[in-house]
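For reference, the structure is listed below as structure tokens.
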Amino acid sequence: MEYRQLGKTGLRVLRMGFGGIPIQKVDAAAARKLIERMAHLGINYIDTARGYTVSEQYLGEALEGMRERFVVATKSMARTREAMERDIETSLANLRTDFIDLYQVHNPSLAELETVIAPGGALEALLEAKAAGKIRHIGLTAHMASVFERALTLDWVETVMFPYNIVETQGEELMRRCSEQGVGFICMKPLAGGALEDARLALRFIAANDDVTVVIPGMYDVREIDENLSAVQDGGALTGEEIARLDAIRRELGTQFCRRCNYCQPCTAGIGISGIFVLEGYLRRYGLGDWAKQRYASMAKRAGDCVGCGACEARCPYQLPIREMLARCKREFGM
């Protein structure tokens with residue numbers, strides 16, 4: 001079992017942790033089974049967020065009697081001191097704990113990050129909570145390299161969470177700087193938001209990078225825990241065949257694809273944007289064209305209902321041309 005120090009926090013975590021987004025799909029009883037399995041295997045890092053609906057609550061209930069065995073991390077979209085104070089208290093109550101190991105500023109833009117660190121900003125609440133023992137360490141999550149780079153200039157940032165996977169390697173130089181500066185690097189989106197089908201290959205690629213402190217695939221089934229841990233712990237070098245498959249995946253996906261983070265929502269016209277792009281993937285890549293067309297036709301709102309307002313693009317952390325992508329889907333599906 002490979003445990004690593006999470007940057008300058010001093011926390012020791014298994015190389016693979018638990019991403020708490022998909023736990024929203026199950027219930028508290030299923031969450032308890034996941035926690036029990038992780039405890040048995042020695043997986044000790046849990047990631048959740050205020051924005052993941054019931055995730056904090058489910059995990060809080062599941063952790064009863066086992067809290068001391070885990071490093072618990074959550075995050076908040078709050079940008080002001082007052083809002084962050086409220087979120088920290090809510091997280092403590094939801095997670096049924098006296099302290100949270102790592103509390104993170106959740107995906108700020110560059111402008112929002114300046115609000116966080118300005119007088120009256122969220123950082124004041126985080127530092128006060130840390131002094132009071134309510135949180136132990138402070139980190140930041142980002143989807144844009146410019147925010148990642150800025151975070152590395154801030155001495156209060158102890159960890160950075162950023163996407164890293166087969167097709168998203170834009171953060172590699174900044175990841176190296178994390179290692180040099182003693183900042184823990186938490187790898188999110190290891191499967192590119194579900195765009196990568198071969199989870200084992202995706203996780204082996206990530207585990208081969210020594211700058212990754214911990215990778216947090218989202219999981220809601222016990223079988224996923226065992227399969228993903230096996231992939232991360234398989235420390236062998238990538239084979240020539242695997243490298244060739246990596247190259248093929250990169251060529252196929254390119255860079256303009258939806259990671260299903262859903263920050264683009266809600267759509268003004270009521271379109272489930274990421275769901276449409278998922279069906280497009282099935283139409284184009286997985287040999288399930290007829291099934292994808294049937295599912296698409298049953299949707300209440302389709303790509304053709306886009307009104308072109310651009311609100312989704314303003315919210316997309318990957319700056320995707322969503323209107324163009326929806327127009328392409330309209331042509332491909334014929335409506």
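Computed from a prediction, not measured in an experiment: that's the story for all the values here.
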Inset, instruction - Answer yes or no: is there a donor N or O on one side and an acceptor on the other, between the side chain of R136 and the main chain of T9, under 3.5 Å? - result: no

Inset, instruction - Answer with yes or no whether the hydrophobic clustering places F18 together with V212; edges join I, L, V, M, F, W, Y residues whose side-chain heavy atoms lie under 4.5 Å apart. - result: yes

Inset, instruction - Step by step, work out the side-chain contact (heavy atoms from CB on, under 4.5 Å) result for L102 and I135. - result: CA-CA 6 Å; L102 176 65; I135 64 177; over 6 Å; no

Inset, instruction - Check the side chains of S76 and Y103 for a donor-acceptor pair under 3.5 angstrom, ignoring hydrogens and angles. - result: no

Inset, instruction - Could you tell me whether E173 and R176 make a salt bridge, using a distance below 4.0 angstrom between a side-chain N and a carboxylate O? - result: yes

Inset, instruction - Would you check if the distance from the ring center of H143 to the ring center of Y263 is below 6.0 Å? - result: yes

Inset, instruction - Indicate whether any N or O donor in one side chain lies under 3.5 Å from an N or O acceptor in the other, for R4 and T213. - result: no

Inset, instruction - Give the C-alpha distance, both sets of side-chain angles, the deciding distance and a yes or no for side-chain hydrogen bond (donor to acceptor under 3.5 Å, both in side chains) between T74 and T48. - result: CA-CA 5 Å; T74 192; T48 182; 4.7 Å; no

Inset, instruction - Indicate yes or no: at least one non-hydrogen side-chain atom of V72 is less than 4.5 angstrom from one of L59. - result: no

Legend entry - NZ/NE/NH1/NH2 to OD/OE distance under 4.0 Å, D290 and K293: no

Legend entry - Salt-bridge present (E61, R32; N to O < 4.0 Å): no

Inset, instruction - Determine whether more than 12 heavy atoms belonging to other residues, nucleotides or ligands lie under 6.0 Å from atom OH of Y220. - result: no

Legend entry - Cluster overlap V214 with M175, hydrophobic side-chain contacts below 4.5 Å: no

Legend entry - In one Ile/Leu/Val/Met/Phe/Trp/Tyr side-chain cluster, 4.5 Å: M77, V157: no

Inset, instruction - Group every Ile, Leu, Val, Met, Phe, Trp and Tyr by side-chain heavy-atom contacts under 4.5 Å, then state whether F99 and M84 land in the same group. - result: no

Legend entry - Nearest non-hydrogen partners of A78 and A122, listed with the distance: O-CB, 3.7 Å

Legend entry - Aromatic ring proximity F205/Y164, centre distance under 6.0 Å: yes

Inset, instruction - Kindly determine whether I322 and C264 satisfy side-chain contact (heavy atoms from CB on, under 4.5 Å), including the steps that lead there. - result: CA-CA 9 Å; I322 296 174; C264 60; 4.0 Å; yes

Inset, instruction - Measure across L196 and A202 and return the closest heavy-atom pair with its distance rounded to 0.1 Å. - result: CD1-CB, 4.1 Å

Inset, instruction - Please determine if R200 and D234 form a salt bridge, counting it only when a charged side-chain N lies under 4.0 Å from a carboxylate O. - result: yes

Inset, instruction - Please determine if K130 and E158 form a salt bridge, counting it only when a charged side-chain N lies under 4.0 Å from a carboxylate O. - result: yes

Inset, instruction - Take T141 and V105 through the test side-chain contact (heavy atoms from CB on, under 4.5 Å) and record every step on the way to the result. - result: CA-CA 6 Å; T141 80; V105 178; over 6 Å; no

Legend entry - Check: A231 main-chain N/O paired with R204 side-chain donor or acceptor under 3.5 Å: no

Inset, instruction - Tell me yes or no: between the side chains of Q24 and T53, is some donor less than 3.5 Å from an acceptor? - result: yes

Legend entry - Minimum-distance pair of heavy atoms, taken over all atoms of R323 and C306: CG-SG, 4.3 Å

Legend entry - Heavy-atom pair of closest approach, residues L320 and E313: O-CG, 3.6 Å

Inset, instruction - Could you give me the CA-CA distance, side-chain angles and deciding distance for C178 and L152, then say whether side-chain contact (heavy atoms from CB on, under 4.5 Å) is met? - result: CA-CA 7 Å; C178 280; L152 292 179; 3.8 Å; yes

Inset, instruction - State whether the number of non-hydrogen atoms from other residues, nucleotides or ligands found under 6.0 Å of K33 atom NZ is greater than 12. - result: no

Inset, instruction - Please determine, by modelled atom types, if N165 and E168 share a side-chain donor-acceptor pair under 3.5 angstrom. - result: yes

Legend entry - Residues E280 and R328 bridged, charged N to O under 4.0 Å: yes

Legend entry - D101 and R67 ion-paired at < 4.0 Å: yes

Inset, instruction - Write down the atom of Y45, the atom of A73, and the distance for their closest heavy-atom approach. - result: OH-CB, 3.3 Å

Legend entry - Side-chain donor or acceptor of Y296 paired with backbone N/O of A303 under 3.5 Å: yes

Legend entry - Cluster check I216, M219: I/L/V/M/F/W/Y, side chain < 4.5 angstrom: no

Legend entry - Shortest non-hydrogen contact between A192 and V167, atoms and distance: CB-CG2, 4.1 Å

Inset, instruction - Would you tell me whether S274 and N262 have side-chain atoms, one donor and one acceptor, within less than 3.5 Å of each other? - result: yes

